[in-house]
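Everything on this sheet refers to the single structure shown next.
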Amino acid sequence: MSYPANFKPNFFAENSVTLPHPVSTVFSKLATRDGLKDTIELSSLVTHCDVLEEDQVAISGPLLDNYARHLPSSSSVDDSSKRLLPRLAFTLTEKIPLIPYLYSYSVVNKGTLTRDPDAHEVLYEVQSGAGVAVVKTRVFEEVDGGKETKVTETIRGMCPSLLRGIVQKTTGKAHREHMELYSTLF
């Protein structure tokens, strides 16, 4: 991966769900402006989401081998090894439980979702003011002759060492629960 040198993941999660809809339907809901807010707000941690501007970025190679959040906006490519992919900016507010049922705090996160419609892949990148960075990949696979879609997400994140235990535990559980709710979007 060509992530910035200072991105050293120290928490991880992976999960998959199979949805009873073709890839075109699922990708449209989970990877575009039309469904981004609804998809993000399914998370039990998220209290608010604003979808902001959409632009394009020039990407070399596979999307999932890139880090697109900080790339400059592009309207054209001058290098035949690059292609333009759509990128959506958003903010979301999460309520993070530090002491379950007793104390939690809100964090505003800034992120982007970059999608490759041809490869059916998404790169979701978020940075919080609390020093947490998350890179999530979402891959859409046709199954059962195209009648269903398997969605696989992989989360790699970096947080302060002091928070690692609670972040890892919260991420794994919240990620599973979030993806299990994807079926309610259809």
Side-chain angles (χ1 to χ4, degrees), residues 1-16 19 22-43 46 49-94 107-142 146 149-159 171 175 178-179 182 185:
M1 296 280 181
S2 56
Y3 295 108
N6 66 347
F7 184 74
K8 307 249 188 278
N10 61 358
F11 68 92
F12 307 88
E14 184 169 301
N15 196 34
S16 296
L19 300 168
V23 168
S24 59
T25 301
V26 176
F27 190 83
S28 177
K29 191 61 164 174
L30 299 180
T32 66
R33 175 179 287 283
D34 293 339
L36 181 61
K37 181 177 174 68
D38 292 339
T39 302
I40 288 173
E41 288 184 344
L42 283 176
S43 171
V46 174
C49 174
D50 286 315
V51 180
L52 307 171
E53 67 277 350
E54 183 165 3
D55 65 0
Q56 295 182 323
V57 289
I59 299 287
S60 283
L63 172 62
L64 302 186
D65 288 346
N66 283 275
Y67 187 78
R69 183 169 179 263
H70 297 290
L71 291 177
S73 182
S74 289
S75 58
S76 64
V77 291
D78 56 2
D79 180 342
S80 64
S81 69
K82 293 185 178 184
R83 59 208 166 93
L84 290 177
L85 295 178
R87 174 179 65 184
L88 280 167
F90 60 89
T91 61
L92 64 93
T93 304
E94 288 182 306
V107 177
V108 176
N109 303 285
K110 295 178 181 180
T112 59
L113 181 143
T114 308
R115 66 186 179 276
D116 183 338
D118 295 332
H120 297 119
E121 296 174 339
V122 168
L123 179 63
Y124 174 101
E125 301 165 275
V126 175
Q127 180 77 45
S128 80
V132 178
V134 174
V135 175
K136 176 167 56 176
T137 59
R138 185 180 290 153
V139 177
F140 300 77
E141 295 175 70
E142 199 175 83
T149 302
K150 180 179 178 183
V151 180
T152 302
E153 293 184 357
T154 303
I155 293 175
R156 290 177 310 283
M158 181 177 76
C159 67
T171 298
H175 186 230
H178 186 218
M179 288 190 73
Y182 284 178
L185 295 169

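Residue D38 holds its CG atom at 9.0 Å from SG of C49, rounded to the nearest 0.5 Å. Rounding to the nearest 0.5 Å gives a distance of 11.0 Å between CD of E41 and CG of L185. Taken from CG in N15 to NE2 in H178, the straight-line distance is 11.0 Å, to the nearest 0.5 Å. Atom CG of L64 is separated from atom CZ of R138 by 11.5 Å, given to the nearest 0.5 angstrom. The OG atom of S28 lies 10.0 Å from the CZ atom of F140; values are rounded to the nearest 0.5 Å. Rounding to the nearest 0.5 Å places CG of D65 at 11.0 Å from OG of S60.
For the residue pair E153/H175, the side-chain donor-acceptor check at 3.5 Å is satisfied. Counted by atom type alone, T154 and E14 present one or more donor-acceptor pairs between their side chains at under 3.5 Å.
Contact check for F11 versus V134: side-chain heavy atoms found under the 4.5 Å cut-off. When side chains are defined from C-beta on, R156 counts as touching T137, because their heavy atoms get closer than 4.5 Å. Side-chain contact check for T91 versus L52: some heavy-atom pair is nearer than 4.5 Å. Two residues are said to be in side-chain contact when any heavy atoms from C-beta on lie closer than 4.5 Å; L71 and R87 meet this criterion. Put simply, the side chain of V122 does not reach to within 4.5 Å of the side chain of L30, judged on heavy atoms. Residues F90 and D50 form no side-chain contact, since every pair of their non-hydrogen atoms from C-beta on lies 4.5 Å or further apart. By the 4.5 Å heavy-atom criterion applied to side chains, V46 and T93 are not counted as neighbours. Looking at heavy atoms from C-beta onward, T149 lies out of side-chain contact with E141 at the 4.5 angstrom threshold.
Considering all non-hydrogen atoms of both residues, A58 and K82 come closest at CB-CD, 4.0 Å. Contact detail for S16 and T152: the closest heavy-atom pair is OG-OG1, 2.8 Å. For the pair V57 and T114, the tightest heavy-atom approach, listed with the atom from each and the gap, is CG2-CG2, 4.0 Å. Taking each heavy atom of L113 and A31 in turn, the nearest pair found is CD2-O, 3.4 Å. Residues V139 and E121 approach most closely at CG2-CG, 4.4 Å, considering heavy atoms. Nearest heavy-atom pair across A68 and L123 is N-CD2, 3.8 Å.
N66 places a side-chain N or O within donor-acceptor distance of the main-chain N or O of P62, the cut-off being under 3.5 Å. When atom types are taken as modelled, the side chain of N10 and the backbone of C159 share a donor-acceptor pair closer than 3.5 angstrom. Between the side chain of Q127 and the backbone N or O of G111, no donor-acceptor pair lies under 3.5 Å.
In terms of the side chain to side chain contact (heavy atoms under 4.5 Å, CB included) criterion, residue partners of S128 (sequence neighbours excluded) are, by chain and number, V107, N109, A130, V132.
Ion pairing of D116 with R83 is present here, as a side-chain N (NZ or NE/NH1/NH2) and a carboxylate O approach within less than 4.0 Å. Checked for salt-bridge contact, R115 and E54 meet the test: a charged N lies under 4.0 Å from a carboxylate O.
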Q: Output, in order, the C-alpha distance, side-chain angles, deciding distance and verdict of side chain to side chain contact (heavy atoms under 4.5 Å, CB included) for Y182 and L19.
A: CA-CA 8 Å; Y182 284 178; L19 300 168; 4.2 Å; yes
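Counting heavy atoms of neighbouring residues, nucleotides and ligands inside a 6.0 Å radius, atom NZ of K29 exceeds 12 of them. Environment of NZ in K110: sparse, with no more than 12 heavy atoms of neighbouring residues, nucleotides or ligands closer than 6.0 Å. Residue-environment remark: CG (D78) stays at or below the threshold of 12 foreign heavy atoms within 6.0 Å.
By the 30° and 60° cut-offs, the orientation of the rings of Y67 relative to F7 is tilted.
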